[in-house]
Amino acid sequence: MTTRNLEKMASIDAQLRLLAPGKVSEDDKLIEYDALLCDRFLDILQDLHGEDLRETVQDCYELSAEYEGEQDPKKLEELGNVLTSLDPGDSIVVAKSFSHMLNLANLAEEVQIAYRRRIKLKKGDFADENSATTESDIEETIKRLVVQLKKSPQEVFDALKNQTVDLVLTAHPTQSVRRSLLQKHARIRNCLTQLYAKDITPDDKQELDEALQREIQAAFRTDEIRRTPPTPQDEMRAGMSYFHETIWKGVPKFLRRVDTALKNIGIDDRVPYNAPLIQFSSWMGGDRDGNPRVTPEVTRDVCLLARMMAANLYFSQIEDLMFELSMWRCNDELRARADELHRNSKKDAKHFIEFWKQIPPNEPYRVILGDVRDKLYNTRERARHLLSNGVSDIPEDTTFTNVEQFLEPLELCYRSLCSCGDRPIADGSLLDFLRQVSTFGLSLVRLDIRQESDRHTDVMDAITKHLDIGSYREWPEERRQEWLLSELSGKRPLFGPDLPKTEEISDVLETFNVISELPSDNFGAYIISMATSPSDVLAVELLQRECHVREPLRVVPLFEKLADLEAAPAAVARLFSIDWYRNRINGKQEVMIGYSDSGKDAGRLSAAWQLYKAQEELIKVAKQFGVKLTMFHGRGGTVGRGGGPTHLAILSQPPDTIHGSLRVTVQGEVIEQSFGEEHLCFRTLQRFTAATLEHGMHPPVSPKPEWRALMDEMAVIATKEYRSIVFQEPRFVEYFRLATPELEYGRMNIGSRPSKRKPSGGIESLRAIPWIFAWTQTRFHLPVWLGFGAAFKHVIEKDVKNLHMLQEMYYQWPFFRVTIDLVEMVFAKGDPRIAALYDKLLVSEDLWSFGERLRAMYEETKRLLLQVARHKELLEGDPYLRQRLRLRDSYTTTLNVCQAYTLKRIRDPNYHVKVRPHLSKEYMESTKKPAAELVKLNPTSEYAPGLEDTLILTMKGIAAGMQNTG
């Protein structure tokens, strides 16, 4: 390592030790990991771009580190002077370098977390109640339920085998890192882990070090920027790649660990292969709410693509299973089936020569599985033909058309092995395969369809007008319900091909036609966003019938905004009071609650509390009508959109609201964090399963009446404060768009969906993702904390005893504790001085006082939050997290300064006029500097050369530093 790097890393080390004296373990490896990766990268940077650029990068880092240590805003100006002195090519390299170093720091962090977890496992130490990231694995949870909470082993087993966690992968555009880079990052992480293995030889170390340098250079040389937005099909392929890489094999591996955990408490039985412990669904290609690019054709394509992928995954494993099951003993049932297949195969000589002749008659299991293999091949090829040509010459009866057909021969093999004394063999690869079939089916994932309620109203309005019975849109709710129920009870068709249709109406109807044409196991729920009344649900039921959907999808109303959440229990009660509907649902209903728009509508405190109360009331309504209710949680990746540690989010839900059945969205960058590696996949499945089990068998405490009253009072104040700033302050929209990169967000091309529901409009039309993203970039995080300070201040000034009550709530009520801890974590990532720099450079002077007012509110909120938590400083109870955040700060600060100055140039039309002649095509081609090549990557930008790429790289880097985007 160079002297300069040694000095730099020593400085970081010293800072981190000062931040958490005596708390961070001496065997912590984070500093060492980060120093190694950074040193390797700087050497590569020097080889590629010269010593001057390396020196510039190190100078920028050192200025950032000095700012973080001294908190002197003048250091930011010095840093800005260095960055603005660079030519466009060098500016791109510096931004790319810091973005790359932040990704490397995150990889060092992941390896360190894995290292700490191994240490804990060896010591048997899982409980760290003060940590915001406390979690239990499935074995420890099961032991605690039996030993500490006195549950019987049989009770635990019964609860576990009957519970369901459905993880719904969405294509919401929150993953800012390209998939090709994520794969390179995974290889860097693996190299780093192996380099620090105890049994590594000198030769191994040298080879791994060379591999590490290769991967770091390959990642740096890969263009981070998506040059075109992905299509919904692209998003689906990217999402499905996680199944191929980790989830497919991760599920049976995890279920084996559950079996082991049960055995350790005295349960000899395994979890049944068809127990619905883990399920997967998707919105990729089905979520059309505000996304005009998700068409009926897209929905059809992604269903066929998923079916093809599933068949291919099974086909790639079936021969291994055939190789393993070479035994000759079998029961009479299997022998008869094998003999029948042999006889039938001889009728087709070609078929017999190609395959059946290869299987000796004394290997009956291979005969059965050979037939399965043939049908899997046909299933895959038929899906491929339909996807590419729309037709296939492979007869449908030679394929698997439902999962029961697929399971039947596998179950036959399992029964036969067990009856012949070969249960240990049956419980090997065959059991894993059965569990995969039960989990993934023939469709890999079930596709949810999501559409806005207004679009269904448009269709109904067109129908009623065509029938000359009036305007459905203008009818009151009672008349809508009466008409819908009369049609649902009758048999006449409502419309024919002569129905006048707009493009939007055709899209809705064609979507239902696609649902009716494809196998029913392709689909999960039909979700209605902006649902407010029973007619919204009944309209979808009627459209399913009219479009001949043979097995209607379950219809799920989505309640998101504050008023909708408040009205949701009454709306669901009205729905359940309809006899026709109660008969239709057969005692089961799903309701989705949204975290994103509720937070955007009223602020995080009010939204979190209303979500909590709405769930309680919805469960009461369901019990009243004898309906089992499943809550579907539409959580995003960030705190502002309901994010945070999974296990804590589940354990802080109201009692009785999960009850062994949970659906939850897994979005954007959270997909990579959850399933990007085998160990991450395993940990994710453990977290969801363990927390769901614990919540059901050991529910959290209910809030005391006085806690509820205080929360109600604070929510009113928080909502008032939030809305007075965001929706009622006339200067806010102008300030927001000047002080953040919201207007430039769309250039990142990180999703297929537009950033706005409507092209025009203010904050109300902006989607929750770019709303959160913009504030995260400036490290101000306004949507998360705005409202908390006013609420705390109000109740504490009203009665000092309320402070003691808030502190009691923090230590005794999981919901309140989690809410406060997550906001505290966001403050630890924030920096109002950085936000002030954006104001100074980008905001007009007449709005400076408004920005200063917001920053004063930020500081007061932080002070009150620490008071409620009884913390002297942020993240006092989690020194490991605080250390990791401090390590990233200096990298992130450089990118923030670079972004602010780049935005200033982008928004200054005079700058473009001045620099374009100098940076002409001839100039770029004649210059000898390697960095200039990067400017050519985006020659079509409307900005001056280099600015757009520099901006996007800073956005991606800051997102990596915050570990949040949307």
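The figures here come from the full heavy-atom set of this structure, side chains too, leaving out hydrogens, waters and symmetry mates.
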Using a 3.5 Å distance criterion without hydrogens, assess whether the side chain of [X] forms a donor-acceptor pair with backbone atoms of [Y].
X: Y722; Y: K600; answer: yes
X: N274; Y: S438; answer: no
X: Q544; Y: L553; answer: yes
X: T439; Y: R435; answer: yes
X: S674; Y: I671; answer: no
X: S443; Y: D521; answer: yes

Test side chain to side chain donor-acceptor pair (under 3.5 Å) on S281 and R663; report intermediate values, then the result. CA-CA 9 Å; S281 300; R663 285 194 100 208; 3.1 Å; yes

Which atom names give the shortest non-hydrogen contact between [X] and [Y], and what distance separates them?
X: L565; Y: A614; answer: O-CB, 3.8 Å
X: L651; Y: P814; answer: O-CB, 4.2 Å
X: V818; Y: S652; answer: CG2-CB, 4.0 Å
X: L442; Y: T401; answer: CD1-C, 3.9 Å
X: L543; Y: V508; answer: CD1-CG1, 4.5 Å
X: L611; Y: G594; answer: CD2-O, 3.7 Å

How many angstroms lie between atom [atom1] of [X] and atom [atom2] of [Y], to the nearest 0.5 angstrom?
X: M530; Y: R455; atom1: CE; atom2: CZ; result: 13.5 Å
X: M308; Y: L386; atom1: CE; atom2: CG; result: 11.0 Å
X: T457; Y: R473; atom1: OG1; atom2: CZ; result: 5.5 Å
X: F512; Y: D507; atom1: CZ; atom2: CG; result: 11.0 Å
X: E235; Y: M240; atom1: CD; atom2: CE; result: 11.0 Å
X: E510; Y: I505; atom1: CD; atom2: CD1; result: 13.0 Å

Using the side chain to side chain donor-acceptor pair (under 3.5 Å) rule, take T299 and R288 through it: C-alpha gap first, then chi angles, then the decisive distance, then the call. CA-CA 9 Å; T299 297; R288 58 230 322 118; 3.0 Å; yes

No-hydrogen, no-angle side-chain donor-acceptor test under 3.5 Å, [X] and [Y]:
X: Q589; Y: Y581; answer: yes
X: E477; Y: S533; answer: yes
X: T630; Y: S661; answer: yes

Only one of T511, D287, V294 clears side-chain contact (heavy atoms from CB on, under 4.5 Å) with I449; which? T511

I want to check something: taking the side chain as every heavy atom from C-beta on, are [X] and [Y] in contact at a cut-off of under 4.5 Å?
X: F280; Y: I278; value: yes
X: V549; Y: N513; value: no
X: W580; Y: S489; value: yes
X: S282; Y: D448; value: no
X: I578; Y: L485; value: yes
X: Q615; Y: I593; value: yes
X: Q610; Y: S598; value: no
X: P700; Y: H695; value: yes

Indicate yes or no: does [X] engage [Y] in a salt bridge with an N to O separation below 4.0 Å.
X: D536; Y: R480; result: no
X: E590; Y: R554; result: yes
X: K620; Y: E617; result: yes
X: R582; Y: D579; result: yes

Does the ring centre of F243 sit less than 6.0 Å away from the ring centre of F675? no

Pair Y526 + H456: ring centers closer than 6.0 Å: yes

Using the side-chain contact (heavy atoms from CB on, under 4.5 Å) rule, take T164 and L277 through it: C-alpha gap first, then chi angles, then the decisive distance, then the call. CA-CA 5 Å; T164 301; L277 218 59; over 6 Å; no

Whether over 12 other heavy atoms sit under 6.0 Å from [X] [atom1]:
X: E566; atom1: CD; value: yes
X: N586; atom1: CG; value: no
X: H659; atom1: NE2; value: no

Would L484 and S535 count as a side-chain contact (heavy atoms from CB on, under 4.5 Å) here? Give the steps. CA-CA 8 Å; L484 291 167; S535 64; 3.9 Å; yes

With under 30° as parallel and over 60° as perpendicular, where do the rings of W775 and W771 fit, or are they tilted in between? perpendicular

Hey, what's the ring geometry for W475 with W483, parallel, tilted or perpendicular (30° and 60° as the breaks)? perpendicular

Is NZ or CZ of R446 both nearer than 6.0 Å to the six-membered ring centre of F523 and within 45° of the ring axis? no

Tell me, with the steps shown, if D461 and S471 meet side chain to side chain donor-acceptor pair (under 3.5 Å). CA-CA 5 Å; D461 193 60; S471 172; 2.7 Å; yes

Please walk me through it: do V168 and V666 pass side-chain contact (heavy atoms from CB on, under 4.5 Å)? CA-CA 6 Å; V168 186; V666 183; over 6 Å; no

Would M284 and L169 count as a side-chain contact (heavy atoms from CB on, under 4.5 Å) here? Give the steps. CA-CA 7 Å; M284 300 173 189; L169 277 62; 3.9 Å; yes

